[in-house]
Amino acid sequence: MSPVLLLWLVASLQAGSVERASVVARDGDLSAPLFSLERTVTTADGRTVAAVRFMDPTGHVVATERVTYVGENVVGAELEQRQVDERHTMTVSDGDAWFEAVRDGKTSRTRRDWTPDTLTIDQLPSFVTSQWDRLIDGEEVAFRLVALDRARIVRFRLIHRGETEHLGRPAAALRMEANSMFVRWLAPEVDLVFSADGRTMLESRGPLPVKVRDGGDWVDLDARLVWDR
């Protein structure tokens with residue numbers, strides 16, 4: 001991990017901090033939130049845990065995520081999808097990422113390679129900040145991203161798309177897309193909006209680890225997440 005990325009990661013993981021965001025329809029506005037989000041950070045016994053809770057409009061927690069760090073290194077991650085009673089975990093050790101999924105009363109385990117360019121979603125804002133000069137110079141920035149509920153690590157690339165506005169403020173637009181055309185066919189691109197200086201992620205548009213009803217089924221939500229920043 002580069003010193004710049006570590007600096008921004010540490011800055012984003014201040015113990016006791018609480019950040020909030022709203023989830024709305026992908027092309028919707030903030031007047032009709034589908035869910036809310038809270039991210040908290042705690043440090044104890046040499047470990048830092050970034051924890052995220054997704055709540056429905058009644059305040060009921062529908063999904064939780066946790067990423068555990070020792071120093072600057074990810075050592076574990078968890079996703080609990082309460083709407084469908086699923087639990088996904090990842091443990092990182094000695095270049096291996098061990099995934100475990102519990103669904104329908106059955107447990108499955110998978111091993112993937114863990115490499116220095118692998119990120120969890122919690123690290124993405126800091127990573128973008130550390131690569132900002134390359135991005136605004138027009139370079140594509142490659143990395144591997146953990147898809148915890150798929151027990152996969154997927155190759156992605158980031159592209160700076162130009163200037164935009166966010167709630168009346170100057171901002172920068174980026175796109176994150178999978179390198180594999182097959183994966184892009186299955187999953188939508190993720191659009192990111194950062195402050196004009198690249199220091200703060202303001203919103204994203206793409207898949208989230210919560211579900212919505214479609215008839216009698218729970219389906220993945222592709223939505224807009226707007227941070228209270």
**Q** Taking all atoms of both residues into account, what is the closest heavy-atom pair of A21 and L225, and its distance?
**A** CB-CD2, 3.6 Å

**Q** Give a yes or no on this: more than 12 heavy atoms of other residues, nucleotides or ligands lie within 6.0 Å of atom CZ of R144.
**A** yes

**Q** With a cut-off of 6.0 Å (strictly less than), are more than 12 heavy atoms of other residues, nucleotides or ligands near CG of D228?
**A** yes

**Q** How close do P33 and L30 get, heavy atom to heavy atom, and via which atoms?
**A** CD-O, 3.6 Å

**Q** Do S126 and T129 meet the criterion of a side-chain donor-acceptor pair at a distance under 3.5 Å?
**A** no

**Q** Can you get from L192 to W227 by hopping between Ile, Leu, Val, Met, Phe, Trp and Tyr side chains that sit under 4.5 Å apart?
**A** yes

**Q** Quick check: do L167 and L202 have side-chain heavy atoms less than 4.5 Å from each other?
**A** no

**Q** Is it the case that T120 and D122 place a side-chain donor and acceptor less than 3.5 Å from each other?
**A** no

**Q** Could you check whether any side-chain heavy atom of R109 comes within less than 4.5 Å of a side-chain heavy atom of T107, counting everything from C-beta outward?
**A** yes

**Q** Using a strict cut-off of less than 4.0 Å between a Lys/Arg side-chain nitrogen and an Asp/Glu carboxylate oxygen, indicate whether R111 and D96 qualify as a salt bridge.
**A** yes

**Q** Any side-chain heavy atom of P207 within less than 4.5 Å of one from D220?
**A** no

**Q** Between E80 and R87 (salt bridge meaning N to carboxylate O under 4.0 Å), is one present in this structure?
**A** no

**Q** Does I136 share a hydrophobic cluster with L124, counting links as ILVMFWY side-chain heavy atoms below 4.5 Å and allowing steps through other members?
**A** yes

**Q** Can you tell me if T115 and D113 form a side-chain donor-acceptor pair at under 3.5 Å?
**A** no

**Q** Do W98 and S93 come within less than 4.5 Å of each other through their side chains, counting heavy atoms only?
**A** no

**Q** Nearest heavy-atom pair of A101 and H88: which atoms, and what distance?
**A** CB-ND1, 3.6 Å

**Q** Determine whether E78 and T68 make a side-chain contact, defined as any pair of heavy atoms from C-beta on separated by less than 4.5 Å.
**A** no

**Q** Can you see which heavy atom on N179 is nearest to which on F156, and at what distance?
**A** OD1-C, 3.5 Å

**Q** Nearest heavy-atom pair of V154 and A178: which atoms, and what distance?
**A** CG1-CB, 4.2 Å

**Q** I'd like to know if V226 and L34 are part of one continuous hydrophobic network [Ile/Leu/Val/Met/Phe/Trp/Tyr, side-chain heavy atoms within less than 4.5 Å].
**A** no

**Q** Using the side-chain contact (heavy atoms from CB on, under 4.5 Å) criterion, which residues pair with T91? Sequence neighbours excluded.
**A** none

**Q** If Ile, Leu, Val, Met, Phe, Trp and Tyr residues are connected whenever their side-chain heavy atoms lie under 4.5 Å apart, and connections chain through other members, are V212 and V24 in the same group?
**A** no

**Q** Is the shortest heavy-atom distance from the side chain of Y69 to the side chain of R47 under 4.5 Å?
**A** no

**Q** Is the shortest heavy-atom distance from the side chain of D191 to the side chain of R26 under 4.5 Å?
**A** yes

**Q** Does any part of the side chain of V146, heavy atoms only, come nearer than 4.5 Å to the side chain of M90, both counted from C-beta?
**A** yes

**Q** Taking the basic N atoms (NZ, or NE/NH1/NH2) and the acidic carboxylate oxygens, is any pair closer than 4.0 Å for R199 and D197?
**A** yes

**Q** When clusters are formed by joining ILVMFWY residues with side-chain heavy atoms under 4.5 Å apart, either directly or through shared neighbours, do V41 and M55 land in the same one?
**A** no

**Q** What I want to find out is whether D149 reaches K211 closely enough, with some N-O distance under 4.0 Å, to be called a salt bridge.
**A** no

**Q** Is the shortest side-chain N to carboxylate O distance from D27 to R205 below 4.0 Å?
**A** yes

**Q** Verify the neighbour count for atom CG of D137: are there more than 12 heavy atoms of other residues, nucleotides or ligands below 6.0 Å?
**A** yes

**Q** Would you mind telling me which of Q131, H160, R134 makes a side chain to side chain contact (heavy atoms under 4.5 Å, CB included) with E139?
**A** R134

**Q** Quick one: closest heavy-atom pair of A63 and P209, and the distance?
**A** CB-O, 3.4 Å

